[in-house]
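Computed from a predicted model, the values in this text were never measured in an experiment. For reference, positions follow the sequence shown, starting with 1.
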Amino acid sequence: WLTLSTSYDVRYSKLACDLKKFDTVHRLDQKQVVAAQANWKGLQGAFSMLHQHYHDFTFAHVGAADPLDRWTPSVSASYTVKGLTVRAWWKKIFRAPTLNDLYYTQVGNRNLKPEYTKQWNVGAEYHYNDRHWNASVQADAYINKIENRIVCLPLKGTYTWSMMNYGYTFCRGLNATAKGHYSQKDWQLSLISSLTWQRDLNRTDPTDEDTYNKPICYSPTLSYTLTGIVGWRTLQFTTSYMHVGERMWSYADTEDVLTPYNNIDMKLTYTHHIGKTAVGACLEVCDLLDEQYEHIPRYPMPGRNYKLT
C-alpha cells in the first residue's frame, strides 16, 4: 500500500549560433526527486520533493546568468469509486529560463528571473465502458499564483519578440473535457470536446491603474474545441472546430483587443498495409471558411489552405 521512489537525472545542453558576435553557451542541469505514494481502498495520496540545479557557462564578456538551485514540493489526494474519481492537489513549481530565453540574439534577456508558481486544483473524472462504448468526462477548477512569470511579447515591433518577466500574475479558471468512442465492426466513431475558461490577471503594481488587475496580453478568457472522427476500415475523416475569444494585446488603449475567431479544419486519410509496411495519403483543408484572423496585430493568418501528403 506504500511506495517510495527516488530518481536523479543530469542533462547537458548547448546553444550555438553562426550569428556575428554570438558566444556559445553551455548548461548543466540536475534534477532529483524523492516521492511517496500510498493506496488504500480507492483512496490515494502522494507527496514529492523535486530538486533542480542549473549552471550555465559562456566566454561572453557579459557572462552567464547566475546559477539556480531550488527545492519544490507537491501534494495530491484522490478517491475512486465505481468509475468516478475525485481529486485535489497542490504544488509549487520552479521554472528556469531556457537558453533561448536568456541568450538568443535580440530575443534573449540575460536579466530574466526564474518563474515560481503555486497551483491549487480540484477536479473530478468519470469513465464509462461497455461492449461498444468508451466514454469519459472530467472537469477541473484551478488557481495559479505566478511570480516573475516568463512571457514573450513583440515589444520591439511586430516581427521582433522579446523575453520579459511579469512581476506577479493571478489566474483562476475551469477546464473541462469530454470524450466518447463507439466501435461497431468496421466502423469507428469518436467525439472529443474541451473547454477552458480562465481569468489571467496582471497584479504586479497596485498603483498602476493602466495594468493592475487587467488581463495578461494575448491570453483569451474563453476557448473551446470540438473534434469528430469517423473511421471505416482504412479510411478516416476528421473535422475540428475551434473558438478563441478576444485577447488584449496592449495596455496603451482599451481598444487594443484582438477579435474572437473560429476555425474549422478537415482531414481525410487513407492507410494501406503491405506486409509490415504502412502506406498512406492525407488530404487536409485548413480554415475551411477562410476566416481572417490574427494571433498578433497586423500579422494575419493565411486563411484557407490545402495540404496533401
Side-chain angles (χ1 to χ4, degrees), residues 5-15 17 25-35 46-58 62-76 87-123 140-155 161-175 196 198-205 211 214-220 223 247 295-296:
S5 62
T6 184
S7 64
Y8 177 77
D9 294 272
V10 179
R11 182 175 63 178
Y12 166 76
S13 305
K14 175 182 176 181
L15 177 63
C17 185
V25 185
H26 308 266
R27 168 173 287 184
L28 185 67
D29 63 89
Q30 305 170 62
K31 294 182 174 68
Q32 180 181 6
V33 64
V34 179
F47 172 79
S48 68
M49 287 290 291
L50 173 65
H51 175 250
Q52 301 179 74
H53 179 83
Y54 297 85
H55 200 152
D56 298 346
F57 306 88
T58 182
V62 294
D66 293 335
L68 299 173
D69 191 280
R70 298 291 186 276
W71 285 91
T72 51
S74 68
V75 180
S76 65
R87 57 176 177 261
W89 50 260
W90 170 85
K91 64 173 63 175
K92 187 175 181 180
I93 300 173
F94 163 75
R95 185 167 83 88
T98 67
L99 294 180
N100 281 338
D101 294 343
L102 290 167
Y103 306 107
Y104 200 76
T105 302
Q106 294 186 331
V107 178
N109 178 2
R110 279 180 171 81
N111 296 318
L112 273 181
K113 300 176 182 178
E115 179 181 292
Y116 295 92
T117 304
K118 293 180 180 179
Q119 294 184 316
W120 293 263
N121 187 98
V122 177
D140 289 88
Y142 56 87
I143 293 175
N144 298 336
K145 294 183 177 180
I146 307 173
E147 182 180 352
N148 295 325
R149 182 171 181 170
I150 299 173
V151 296
C152 190
L153 297 175
L155 300 178
W161 291 64
S162 302
M163 304 304 303
M164 63 172 289
N165 289 111
Y166 270 116
Y168 179 71
T169 64
F170 177 83
C171 176
R172 63 182 184 275
L174 173 69
N175 183 67
T196 298
Q198 69 175 20
R199 292 285 290 167
D200 205 357
L201 306 175
N202 183 355
R203 292 188 175 177
T204 301
D205 185 1
T211 62
K214 298 292 180 63
I216 299 298
C217 292
Y218 300 100
S219 179
S223 60
R247 295 90 66 213
H295 284 307
I296 61 174

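Note that CG of Asn109 and CG of Asn165 are 7.5 Å apart. Values are rounded to the nearest 0.5 Å. A distance of 6.0 Å separates CG of Leu112 from CE of Met163, quoted to the nearest 0.5 Å. Atoms CE and CD1, on Met164 and Ile150 in that order, are 11.5 Å from each other to the nearest 0.5 Å. Between atom SG of residue Cys217 and atom CZ of residue Arg247 there is a gap of 11.5 Å, rounded to the nearest 0.5 Å. The line from CG of Leu99 to OG1 of Thr58 is 10.0 Å long, rounded to the nearest 0.5 Å. To the nearest 0.5 angstrom, Met49 atom CE is 10.5 Å from Gln32 atom CD.
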Practice task
Check the pair Asn202, Thr204 against side-chain hydrogen bond (donor to acceptor under 3.5 Å, both in side chains), reporting the backbone distance first and the verdict last.
Solution key: CA-CA 6 Å; Asn202 183 355; Thr204 301; 2.7 Å; yes

Exercise for the section: Test Tyr12 against Asp29 for side-chain hydrogen bond (donor to acceptor under 3.5 Å, both in side chains), laying out the working first. Expected result: CA-CA 7 Å; Tyr12 166 76; Asp29 63 89; over 6 Å; no

Exercise for the section: Please lay out, stage by stage, how Trp120 and Lys145 fare under the test side-chain contact (heavy atoms from CB on, under 4.5 Å). Expected result: CA-CA 9 Å; Trp120 293 263; Lys145 294 183 177 180; 3.9 Å; yes

Exercise for the section: Walk me through it: do Asp200 and Lys214 pass the test salt bridge (Lys or Arg N to Asp or Glu O under 4.0 Å)? Expected result: CA-CA 8 Å; Asp200 205 357; Lys214 298 292 180 63; over 6 Å; no

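Side chains of Arg87 and Val122 form no contact here, defined as non-hydrogen atoms less than 4.5 Å apart. Side-chain contact between Gln198 and Tyr142: present, with at least one pair of heavy atoms (C-beta onward) separated by less than 4.5 Å. Looking at heavy atoms from C-beta onward, Ile143 lies out of side-chain contact with Gln119 at the 4.5 angstrom threshold.
Of the charged side-chain nitrogens involved, none lies within less than 4.0 Å of a carboxylate oxygen, so that Asp66 and Lys113 do not count as a salt-bridged pair. The residues Asp9 and Lys31 are annotated as not salt-bridged, no charged nitrogen and carboxylate oxygen being separated by less than 4.0 angstrom.
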Show which side-chain atoms of residues 166-175 pair as donor or acceptor with protein atoms under 3.5 Å away, not counting sequence neighbours.
unit_1: Asn175; atom_1: OD1; unit_2: Thr196; atom_2: OG1; d: 2.8

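A cation-pi arrangement is absent between Lys92 and Trp90 under the rule of less than 6.0 angstrom and at most 45 degrees off the ring axis.
Not counting sequence neighbours, the partners of Tyr116 by the ring-ring contact (aromatic ring centres under 6.0 Å, His included) test are Phe94. In this view, Asp101 satisfies the salt bridge (Lys or Arg N to Asp or Glu O under 4.0 Å) rule with no residue, not counting sequence neighbours.
For Gln30 and Tyr8, the side-chain atoms include at least one donor-acceptor pair closer than 3.5 Å.
Ser74 approaches Lys91 most closely through the heavy-atom pair CB-CB, 3.5 Å. Here the closest non-hydrogen pair linking Leu102 and Ala65 is CD1-CB, 4.1 Å. Taking all atoms of both residues into account, the shortest heavy-atom contact from Gly123 to Asp140 is CA-OD2, 3.4 Å. The heavy-atom pair separating Ser7 from Val33 by the smallest distance is OG-CG1, 2.9 Å.
Of the residues Thr117, Thr72, Asn144, Leu50, the one that meets the side-chain contact (heavy atoms from CB on, under 4.5 Å) test with Ile93 is Thr117.
Using cut-offs of 30° and 60° on the angle between ring planes, the pair His51 and His53 is parallel.
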